[in-house]
S.K.: 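Got a structure here, written out as structure tokens. Questions coming.
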Number of protein chains: 2
Amino acid sequence: MASVKTKIAKPINVLIIDDHKMVRDGLKVMLGSLKQFMQFSVFEAESGEEALKKKDFNAIDLMIIDYNMPGMSGAETVFAVLRSKPEMKILALSNYSELPYIQNMVDAGAKGYILKNIEPAEMLRAIKTILSGNKYFSNEVAIKLLDEQEEKTMQKIRLQKFITPRENQVLQMIAREMTSKQIGEQLFVNSRTVDSHRRNLTKKLNAKNTVGLIKIAYKLNLIEE
Amino acid sequence: MASVKTKIAKPINVLIIDDHKMVRDGLKVMLGSLKQFMQFSVFEAESGEEALKKKDFNAIDLMIIDYNMPGMSGAETVFAVLRSKPEMKILALSNYSELPYIQNMVDAGAKGYILKNIEPAEMLRAIKTILSGNKYFSNEVAIKLLDEQEEKTMQKIRLQKFITPRENQVLQMIAREMTSKQIGEQLFVNSRTVDSHRRNLTKKLNAKNTVGLIKIAYKLNLIEE
DNA sequence: CAAAAACTCCGTAGAAATACGGATTTTTTA
DNA sequence: TAAAAAATCCGTATTTCTACGGAGTTTTTG
């Protein structure tokens with residue numbers, strides 16, 4: 001039997017994919033500073049393409065991938081990696097906390113999204129969370145996500161001052177796929193009246209046709225369902 | 001000049017609003033455990049109504065409000081509080097990390113949203129963040145928000161297998177408020193062809209009319225913009 | 001109370017969408 | 001390569017939507 005001198009926790013194999021050496025170095029230092037809690041063996045790649053060619057690809061436990069890189073983007077890299085190894089744990093790293101970026105990475109299959117200003121303690125938490133099969137997102141990311149929603153609400157409030165209650169009601173009914181005739185019957189008014197409301201709405205909301213109305217209604221969450 | 005024996009940081013006045021004594025007590029204990037970092041003077045209210053009647057209302061620095069309470073709901077309480085004191089810092093507390101709940105509280109004006117399983121360290125971070133004028137959300141909350149998005153994406157993928165590429169293309173153009181005629185011109189096909197696609201889409205997606213198409217397209221994020 | 005805003009109704013017409021049923025050509029795929 | 005799926009085109013007919021202009025009634029509001 002092989003002798004085991006000390007009990008050593010198996011190090012985590014981390015592959016850092018980023019085109020900037022500085023970022024890679026910074027990450028290495030940060031991971032090193034966590035060695036009392038977790039040991040890391042750090043591998044590096046300057047691009048998604050390079051990462052995919054790594055021979056020790058299968059030994060990697062965790063990948064940290066930058067969002068924007070020349071050549072394959074972060075999202076493309078994530079996608080490509082997961083195609084060859086679906087269970088790979090991937091942490092997306094970015095400067096941006098805007099929804100579209102996050103969305104891209106998460107859609108591609110990243111299990112977490114952190115910002116570059118992350119503190120070591122949070123990094124440790126992020127890595128632990130992801131390695132245990134869960135997802136991790138920086139709080140700032142959450143804030144951005146909700147701000148998005150908040151903006152919608154504001155717009156909605158502004159708009160609902162702009163369109164009259166009746167118009168609002170008609171809009172909701174249009175959104176339920178009802179025709180002017182049906183709406184008129186339900187509201188006990190002439191279908192031509194409904195047409196008038198419809199026309200006013202189209203003008204007020206600056207829409208070309210009913211499709212435009214629905215789009216606005218959707219954007220502003222005027223549609224329940 | 002008055003004598004100052006020891007340098008004492010001014011305690012933060014916290015009002016806890018929750019109908020369950022147990023939760024209030026638990027919070028008090030947790031806040032007490034943070035005294036080495038921050039001093040709290042804890043006030044309590046069993047309901048939104050009671051909170052609004054507090055005479056030391058104006059001395060409160062931070063409110064922690066439970067989501068579901070008999071009588072005024074958490075969101076209503078938040079809204080009412082902010083009407084009389086718009087700059088009040090409010091932290092929403094809940095068992096639920098579902099979007100609609102979070103949405104309600106944030107819309108009402110809560111500056112943060114934490115779950116009841118929060119750890120003291122995170123609580124401290126949340127309070128600090130909010131008192132400094134920022135927003136704070138538990139990570140689990142962020143995950144839920146993104147899962148929501150992910151589900152959409154899955155649906156989208158499923159659906160895009162169902163509708164043909166051409167149909168998808170036509171759908172996008174319909175969503176741009178284009179008529180069949182215009183679409184036909186742009187795709188160099190007869191407008192009747194577009195009508196056929198439109199008809200097939202309506203049937204496949206089980207919509208009554210164009211409005212239904214757009215609704216589905218929107219739900220599934222098929223529409224860029 | 002007077003003015004403004006919102007809601008209502010209507011005529012005429014043309015454009016667009018929907019319904020139904022088919023047929024041909026092209027492309028994909030087993 | 002044969003079958004299936006997708007994309008194309010078309011005829012007929014009806015319904016719905018959009019456009020333009022006008023006008024009466026009710027409600028809201030300063």
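Only this structure's heavy atoms are used, side chains among them; waters, hydrogens and symmetry mates stay out. So you know, we letter chains A, B, ... as the sequences are listed, proteins then strands, and number each from 1.
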S.K.: Let me know the distance between CG of B:Leu201 and C1' of C:dT18, rounded to the nearest Å.
M.R.: 14 Å
S.K.: Select base, sugar-phosphate, or nothing to describe what A:Thr210 touches, counting heavy atoms under 4.0 Å on all strands.
M.R.: sugar-phosphate
S.K.: Taking the basic N atoms (NZ, or NE/NH1/NH2) and the acidic carboxylate oxygens, is any pair closer than 4.0 Å for B:Lys21 and B:Glu46?
M.R.: no
S.K.: Just the rounded figure in Å: distance from C1' of D:dC9 to CG of B:Leu187.
M.R.: 15 Å
S.K.: Can you tell me the distance, in whole Å, between the CG atom of B:Leu213 and the P atom of D:dC17?
M.R.: 14 Å
S.K.: Looking at B:Lys204 and B:Glu167, is any side-chain nitrogen of the basic one under 4.0 Å from a carboxylate oxygen of the acidic one?
M.R.: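 Looking at B:Lys204 together with B:Glu167, the answer is yes, because their closest N to O distance falls below 4.0 Å.
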S.K.: Does OP1 or OP2 of C:dC7 have a side-chain N or O of A:Thr164 closer than 4.0 Å?
M.R.: yes
S.K.: Checking all strands, does A:Ser180 fall into the base, sugar-phosphate, or nothing category for heavy-atom contacts under 4.0 angstrom?
M.R.: sugar-phosphate
S.K.: Using distance only, find each side-chain donor-acceptor pair of residues 185-194 of chain B under 3.5 Å and give its atom names and separation, not counting sequence neighbours.
M.R.:
from: B:Asn190; atom 1: OD1; to: B:Arg192; atom 2: N; distance (Å): 2.8
from: B:Thr193; atom 1: OG1; to: B:Asn190; atom 2: O; distance (Å): 3.4

S.K.: Measure CD1/B:Ile183 against P/D:dC9 and give the value in whole Å, please.
M.R.: 14 Å
S.K.: A:Met88 versus A:Met63: any side-chain heavy-atom pair under 4.5 Å?
M.R.: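 SC-SC contact between A:Met88 and A:Met63 confirmed.
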S.K.: How close or far is atom P of D:dT15 from atom NZ of A:Lys181, stated in whole angstroms?
M.R.: 7 Å
S.K.: On DNA chain D, check which nucleotide each of A:Arg198 and B:Ser196 is closest to and give me the residue with the more 5' one.
M.R.: B:Ser196
S.K.: Between B:Asp66 and B:Lys116, is there a salt bridge with N-O shorter than 4.0 Å?
M.R.: yes
S.K.: Nearest whole Å is fine: how far is C:dC10 P from A:His197 NE2?
M.R.: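 Those two atoms, NE2 and P, are 13 Å apart.
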S.K.: Can you tell me if A:Thr129 and A:Asn134 form a side-chain donor-acceptor pair at under 3.5 Å?
M.R.: no
S.K.: Let's see if you can work this out: which of C:dA16, C:dT12, C:dA19 has an atom nearest to the side-chain heavy atoms of B:Arg192?
M.R.: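 Selected nucleotide (nearest to the side chain): C:dA19.
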S.K.: Any Lys/Arg nitrogen of B:Arg199 or B:Asp195 sitting under 4.0 Å from an Asp/Glu carboxylate oxygen of the other?
M.R.: no
S.K.: So what does A:Asp195 hit on the nucleic acid, given a heavy-atom distance under 4.0 Å: a base, only sugar-phosphate, or nothing?
M.R.: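 Counting heavy atoms under 4.0 Å across all strands, the contact made by A:Asp195 includes a base.
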S.K.: Side-chain N or O of A:Asn190 versus OP1/OP2 of C:dC10: is the shortest distance under 4.0 Å?
M.R.: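 For C:dC10, OP1/OP2 do have a side-chain N/O of A:Asn190 under 4.0 Å.
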S.K.: Under 4.0 angstrom, heavy atoms only, what part of the nucleic acid is A:Thr179 near: base, sugar-phosphate, or nothing?
M.R.: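 Contact class for A:Thr179: sugar-phosphate only.
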S.K.: Please give, in whole Å, the distance from D:dC17 P to B:Asn209 CG?
M.R.: 7 Å
S.K.: Reckon A:Arg199 touches a base, only the sugar-phosphate, or nothing at all at heavy-atom distances under 4.0 Å?
M.R.: base
S.K.: What does the 5'-to-3' dot-bracket notation of DNA chain C look like when only Watson-Crick and G-U wobble pairs under 3.5 Å count, and pairs to other strands show as |?
M.R.: ||||||||||||||||||||||||||||||
S.K.: Report the distance from atom NZ of A:Lys203 to atom P of C:dA5, rounded to the nearest whole Å.
M.R.: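 Between P of C:dA5 and NZ of A:Lys203: 16 Å.
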